[in-house]
Amino acid sequence: SLYDIEVPFPLPTGAFALQVSGESMFNRYDSGDIVICEEPGDPALLINREAAVKTIDGSRYLKKIEES
């Protein structure tokens, strides 16, 4: 489920915070970690980088984007 989280500093315009839940990216992120994200200008810049993604059903995930 989605809910508001507070960070101890102001976020830049266009940035948002997500809190990690679960272990799918364990070793990189622990459950409870807060990740600051920003909207990309060009989606092609995300190849081979981590990105917050939103699915059609509204779920959100933090995943590494790979070219197929």
Side-chain angles (χ1 to χ4, degrees):
S1 61
L2 298 177
Y3 52 91
D4 290 332
I5 58 174
E6 292 184 31
V7 293
F9 49 84
L11 295 176
T13 302
F16 57 96
L18 297 175
Q19 186 169 23
V20 175
S21 175
E23 298 181 4
S24 69
M25 296 271 302
F26 180 69
N27 268 0
R28 182 76 170 121
Y29 301 104
D30 292 320
S31 189
D33 284 353
I34 295 177
V35 180
I36 308 301
C37 305
E38 62 183 340
E39 297 288 332
D42 178 2
L45 297 175
L46 297 176
I47 303 297
N48 295 318
R49 298 184 69 191
E50 295 167 3
V53 297
K54 184 177 177 183
T55 61
I56 293 171
D57 69 0
S59 298
R60 294 182 182 179
Y61 299 94
L62 185 61
K63 296 294 179 182
K64 184 174 181 181
I65 307 299
E66 296 181 350
E67 210 167 4
S68 59

Check: Gln19 and Asp33 side chains under 4.5 Å, non-hydrogen atoms: no
Val53 and Ile65, any side-chain heavy atoms less than 4.5 Å apart: yes
Test item: Phe9 and Ile36 side chains (from C-beta on) under 4.5 Å apart, heavy atoms: yes
Chi angles and distances behind the side-chain contact (heavy atoms from CB on, under 4.5 Å) call for Val20, Asp30: CA-CA 7 Å; Val20 175; Asp30 292 320; over 6 Å; no
Atom of Val7, atom of Ala17 and distance for their closest heavy-atom approach: CG1-CB, 3.9 Å
Rounded distance [0.5 Å steps], CG in Leu18 versus NZ in Lys54: 11.0 Å
Side-chain donor-acceptor contact under 3.5 Å, Tyr29 with Glu50: yes
Flag side-chain contact, heavy atom, 4.5 Å: Phe16 against Glu38: no
Distance (rounded to the nearest 0.5 Å) between Glu23 CD and Ser31 OG: 7.0 Å
Side chain proximity check, Val35 to Leu62, heavy atoms < 4.5 angstrom: yes
Nearest atoms (heavy-atom pairs only) where Cys37 meets Ala52: SG-CB, 3.9 Å
Spacing of Lys64 atom NZ and Ile47 atom CD1 [to the nearest 0.5 Å]: 11.0 Å
